[in-house]
2 protein chains.
Amino acid sequence: MSLKHAILVLLETEPGSGYDLMQQFKQSLGYFWNAKHQQIYLQLKKLNSEKLISFSLEKQTGKPDKKVYGITDLGVKELQQWIASPVKPAKVNDALLVKIYGGHLTSAKNLLDELEQHRLIHDSTLQKLLKIEQLYRQFPDDKQKKYQLPYLTLRRGILGEKAWLAWAEEAKKTIKI
Amino acid sequence: MSLKHAILVLLETEPGSGYDLMQQFKQSLGYFWNAKHQQIYLQLKKLNSEKLISFSLEKQTGKPDKKVYGITDLGVKELQQWIASPVKPAKVNDALLVKIYGGHLTSAKNLLDELEQHRLIHDSTLQKLLKIEQLYRQFPDDKQKKYQLPYLTLRRGILGEKAWLAWAEEAKKTIKI
DNA sequence: GATATCATGTAAAAGGTTACATGATTGG
DNA sequence: CCAATCATGTAACCTTTTACATGATATC
């Protein structure tokens, strides 16, 4: 269970609402941690009851009130403990590969079509990440240093997506023949 | 829910017991689909009650009896339908990256130590996959063609692990400085 | 004598997904 | 006028993890 810690990490950087977190899960953090809004709101409630985060209401006109959450001292301690203790390697569950493994049960066209669908998604993810990287590279040196660790996670995304796309090229050729 | 289909795919290739499947999840299939033994036994029971698989008891001396499962015609139909319909891209949940993102809360040494632990695991996975690839390359052409789709999943593992290791080198340099 | 492998399961708890629910504003 | 975005949540269901449970044989 690291959704808890993913949220704490984000709130440690900057306070925000459930909606703000949702956006971050869709963007920067999104390619290495996924969560739906229902999960986030539930977890925020829980973290608040554990006193690891707290919130203040921000009144808005026209829109519903915003609950802006921030990490507490207790939350920072919890985060530090978690970061100092080892985590397990991420487990992979990739249905597309299960499909390809059993691909003899369908047509080559069907496999190629699905591969192409996934390729489009991975390619657009890569383009998005490369744009963020461009922004980072224009930062002055001190700001680059400040964000060097989040930048590493971005690099992981870029290298991972490039490897995926290189594999897809191989796969295309194999299936075509 | 594709554990169901991962099991069906394996049994479509070759009948086997829960234990056999467990071994396969630890080996060939293991780097793109993970499952614990409890999950597998539960799912086998469910698939059997849905008539997608069936089993025969193999008596053994000294060891407990083996339930050898095989896919049924209904199971093959179900598999074919699943394989013909699109799947969602795999979602990534990687706690190590969450840690690195918030790495300023711990020491560089701690980060490097954990990175090294993970590097060892990824490296040994890669070595294992490369050995399997060597075996495949020694197959005669017709056998290579027969196993070309499972081989593609192996390639995905190899390219993925290489990309991970390349990233780890970058990360090491960044954190060291 | 201890640990690993073979071989199977049950039960409780935690975590994640899907469906349902509301309601205003902004842009095409 | 329709879809998207902002903003929050509950409930039911499904999946996964952790803990518990047993017992023989083989290897160090």
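A, B, ... follow the sequence lines: proteins, then strands. Residue 1 opens every chain.
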Roughly, in whole Å, what's the span from OH in B:Y19 to P in C:dT5? 7 Å
Between A:K46 and C:dA14, does any side-chain N or O lie under 4.0 Å from OP1 or OP2? no
Within 6.0 Å of OH in A:Y147, more than 12 heavy atoms from elsewhere: no
Compute whether any side-chain donor of one residue and acceptor of the other, for A:H104 and B:Q148, lie under 3.5 angstrom apart. no
In whole angstroms, the gap separating C1' of D:dG9 from CE of A:M22 amounts to 13 Å
Looking at every non-hydrogen atom in both residues, tell me the closest pair between B:T72 and B:K51 and how far apart they are. OG1-O, 2.7 Å
Contact under 4.0 Å: A:K91 side-chain N or O vs D:dT16 OP1/OP2: no
Round to a whole Å and report the spacing from CG of A:N93 to P of C:dG16. 13 Å
For A:Y41 and D:dG9, is the shortest distance between a side-chain N/O and OP1 or OP2 below 4.0 Å? no
Using a cutoff of under 3.5 Å, can you pull out all pairs of nitrogen or oxygen atoms linking the protein to nucleotides 19-22 of chain D, with atom names and distances?
unit_1: D:dA19; atom_1: N6; unit_2: B:Q38; atom_2: NE2; d: 3.0

What pair of heavy atoms forms the shortest contact from A:E114 to B:V87, and how long is it? OE2-N, 2.8 Å
B:E50/B:K4 salt bridge by N-O under 4.0 Å criterion: yes
How many whole angstroms separate atom CD of B:Q23 from atom C1' of C:dA7? 10 Å
Nearest whole angstrom, please: distance from the C1' of C:dT18 to the NZ of B:K88. 9 Å
Pick the closest DNA chain C nucleotide for A:L42 and for B:Y69 by heavy atoms, then say which residue is nearer the 5' end. B:Y69
Atom-pair distance (NZ on A:K36; C1' on D:dC14), nearest Å: 13 Å
Round to the nearest Å and state the distance from A:I40 atom CD1 to D:dA7 atom C1'. 13 Å
How are the rings of A:H37 and A:Y41 set relative to one another: parallel (under 30°), tilted (30 to 60°) or perpendicular (over 60°)? perpendicular
Checking side-chain polar atoms at under 3.5 Å, does A:S107 have a donor or acceptor matched by the opposite partner on A:N110? no
For the helix from C:dG1-D:dC28 to C:dG28-D:dC1, measure the angle between the helix axis at one end and the axis at the other, each built from five pairs, rounding to 10°. 50°
Under 4.0 Å between a side-chain N/O of A:K4 and OP1 or OP2 of C:dA14, yes or no? no
B:L3 has an atom CG; how far is it from atom C1' of D:dT16, in whole Å? 10 Å
Indicate whether OP1 or OP2 belonging to D:dT15 is found under 4.0 Å from a side-chain N or O atom of B:Q39. no
Below 4.0 Å: OP1/OP2 of C:dT8 and any side-chain N or O of B:K45: no
